[in-house]
Amino acid sequence: MGIKGLTKLLVDNAPTAMKEQKLESYFGRRIAVDASMSIYQFLVVVGRKGTQMLINEAGEVTSHLQGMLYRTIRLLEAGIKPVYVFDGPPPDLKKQELAKRFSKRAAGSEELAVAIASRNKEDIEKFSKRTVKVTQQHNEDCKRLLRLIGVPVVEAPSEAEAQFAALCKAGKVYAVASEDMDSLTFGAPIFLRHLMDPSSRKVPVMEFEIPKILEEMNLDMDQFIDLCILSGDYCIGGLTALKLIHQHGSIENILENINKYQIPDNWPYSEARLLFKEPIVSMEEKPEINTPNEE
DNA sequence: GCTCTATCACCAGACGGG
DNA sequence: CCCCGTCC
DNA sequence: ACATGGTGATAGAG
């Protein structure tokens, strides 16, 4: 889940920590990408007309493979060496979020059934997208494809975002590319947005540098994490959160000194903080570039 | 008229032929 | 360039 | 992912 308004907060308060970049400036660089996020997008959009998707002779969905292959080719042609990071089991704190998604999909399926029964094309289009779920099979299909074309695959022990931020911190990739601002909270030193956007969409690659953000906003990393948790979980704006952190230094001190804000019951901020500060990641993975399998 | 700003509908993969 | 059909 | 965020058209203010 994203942190609402973090981009704007950075634009306003750390403008020199972010810069527009050209795709060419990443020529030859290794860049980590969240695979599951990509697969989800492909399943939603690639070759879809109503409930119809791209399928093979056996009737199995191939939209994710189609999307993954061509996107990867684009990156490679731009001289970028992608490293795809796959999600492992989610942390407990995300369980309720996942339960929410599950029930949304269930509701989507019901509404889809109604739409199909009444032949409402518009509704079929709308609700079929809500039933999309990335399965283990989709993930395995894509891992196999990537390995066959010699693109490194990393299997995260838990959250992919955490893993690729760790890869970046360890210098094993130059940067991470995502649309989810959580990557910054996980401390990926260089974070790119809009890397995959086609040039036709006329949106430049945006590069964020953590050290500059911290310097310019006058925060340490722990405070930046607290800021993200405050403005993410908690219903206050980014600017207010920033002021509170500057004033009090940490969530604990804010809660001690301020009671005019409504605190959610059992707000698990310290668990959230732990997920960002000490996420479950693997360091043995060394994304090797394999030679393409000619078959 | 002109530029700057505010709103709002609209869109979300990639390719290639015509 | 855009438009639109195709990818499986 | 009925999310969110960026875009481009349009309208109003100075």
Side-chain angles (χ1 to χ4, degrees), chain A residues 1-12 18 20-21 23 33-78 80 82 84 87 94 97-98 100-112 114-115 120 122-134 137-138 141-142 144-146 149 161 177-184 191-208 228 231-233 235 237-238:
Chain A
M1 26 179 178
I3 295 139
K4 73 170 174 169
L6 182 55
T7 312
K8 188 180 182 307
L9 189 72
L10 294 178
V11 168
D12 293 344
M18 47 198 293
E20 291 186 5
Q21 281 285 31
L23 198 60
V33 182
D34 185 335
S36 306
M37 195 68 70
S38 310
I39 294 171
Y40 182 84
Q41 291 175 342
F42 296 142
L43 288 175
V44 167
V45 82
V46 174
R48 177 183 290 277
K49 279 194 200 98
T51 57
Q52 191 187 340
M53 298 171 80
L54 302 185
I55 52 171
N56 63 14
E57 292 162 353
E60 297 156 343
V61 172
T62 54
S63 294
H64 54 311
L65 294 170
Q66 180 79 14
M68 181 68 76
L69 178 61
Y70 280 102
R71 174 171 289 177
T72 303
I73 288 170
R74 272 187 68 205
L75 290 173
L76 292 172
E77 280 178 345
I80 292 169
Y84 282 94
D87 271 314
K94 300 265 162 114
E97 177 64 25
L98 295 175
K100 237 184 264 176
R101 282 188 207 170
F102 181 86
S103 58
K104 272 197 173 175
R105 273 201 306 276
S109 301
E110 284 180 28
E111 299 192 86
L112 177 60
V114 173
N120 185 332
E122 209 174 302
D123 278 2
I124 291 173
E125 193 70 42
K126 180 163 58 172
F127 294 126
S128 63
K129 293 181 181 176
R130 282 195 217 177
T131 64
V132 170
K133 164 152 173 52
V134 179
Q137 186 61 52
H138 296 137
D141 291 345
C142 287
R144 175 146 179 262
L145 170 69
L146 292 168
I149 61 178
E161 297 257 331
S178 172
E179 299 312 309
D180 192 338
M181 297 297 281
D182 276 1
S183 307
L184 277 180
F191 165 62
L192 310 179
R193 295 187 88 190
H194 307 140
L195 184 72
M196 321 291 185
D197 289 30
S199 50
S200 65
R201 254 222 282 167
K202 206 57 201 132
V203 23
V205 179
M206 267 293 178
E207 179 172 316
F208 299 74
C228 293
S231 60
D233 278 22
C235 298

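Proteins come first, then strands; the chains are lettered A, B, ... in the order of their sequence lines, and each starts at number 1.
Which of D:dC2, B:dG13, C:dC7 sits closest to the side chain of A:L54 comes down to C:dC7. Here the side chain of A:V203 is nearest to one of D:dG6, C:dC8, B:dC15, namely D:dG6. With D:dC2, B:dG13, D:dG6 as the candidates, the nucleotide lying closest to the side chain of A:K104 is D:dC2. For A:K126, the listed nucleotide lying nearest its side chain is D:dC2; candidates were B:dC15, D:dC2, C:dC7. Between B:dG13, C:dC8, D:dG6, one nucleotide has an atom nearer to the side chain of A:R71 than all others, and that is B:dG13.
Between A:C142 and A:H64, the shortest heavy-atom contact is SG-CD2, 3.6 Å.
If you check every strand for non-hydrogen atoms under 4.0 Å, A:G47 touches a base. Among the atoms of the strands shown, none is found under 4.0 Å from any heavy atom of A:E179. Contact annotation for A:V46: base contact, defined as any heavy-atom pair under 4.0 Å involving a base atom. Within the 4.0 angstrom heavy-atom criterion, base atoms lie near A:M37.
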message = Go through it in stages, so that I can follow the logic: the residues are A:S178 and A:V33, the test is side chain to side chain contact (heavy atoms under 4.5 Å, CB included), and I'd like the CA-CA distance, side-chain angles, deciding distance and then a yes or no.
response = CA-CA 7 Å; A:S178 172; A:V33 182; over 6 Å; no
task = Tell me, with the steps shown, if A:E20 and A:M206 meet side chain to side chain contact (heavy atoms under 4.5 Å, CB included).
result = CA-CA 5 Å; A:E20 291 186 5; A:M206 267 293 178; 3.6 Å; yes
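Separation of the C1' atoms belonging to B:dG18 and C:dC8 is 23 Å when rounded to the nearest angstrom. Rounded to a whole angstrom, the distance from the P atom of D:dT4 to that of C:dG5 is 33 Å. C:dC3 and B:dA12 are spaced 12 Å apart, taking the P atom of each and rounding to whole Å.
Remark: C1' of D:dG5 and NZ of A:K8 are 14 Å apart, rounded to the nearest angstrom. We find that NZ of A:K49 is positioned 7 Å from C1' of C:dG5, with the value rounded to whole Å. Protein atom CG of A:D197 is 11 Å distant from nucleotide atom C1' of B:dG13, rounded to whole Å. When the C1' atom of B:dA12 is taken as reference, atom OH of A:Y40 falls 12 Å away, rounded to whole Å. Atom C1' of nucleotide B:dG13 and atom NZ of A:K129 are separated by 12 Å, given to the nearest angstrom. Following rounding to the nearest Å, A:E125 (CD) and B:dA12 (P) show an atom-to-atom distance of 12 Å.
Within the structure, a side-chain polar atom (N or O) of A:R193 is placed less than 4.0 Å from OP1 or OP2 of D:dG6. Residue A:R130 places no side-chain N or O under 4.0 Å from the OP1 or OP2 atom of D:dC2.
Side-chain atoms of A:S38 and A:Y84 form no donor-acceptor pair, as typed in the model, at a separation below 3.5 Å.
Ring geometry, A:F208 versus A:F191: the interplanar angle falls from 30° to 60°, so the pair is classed tilted.
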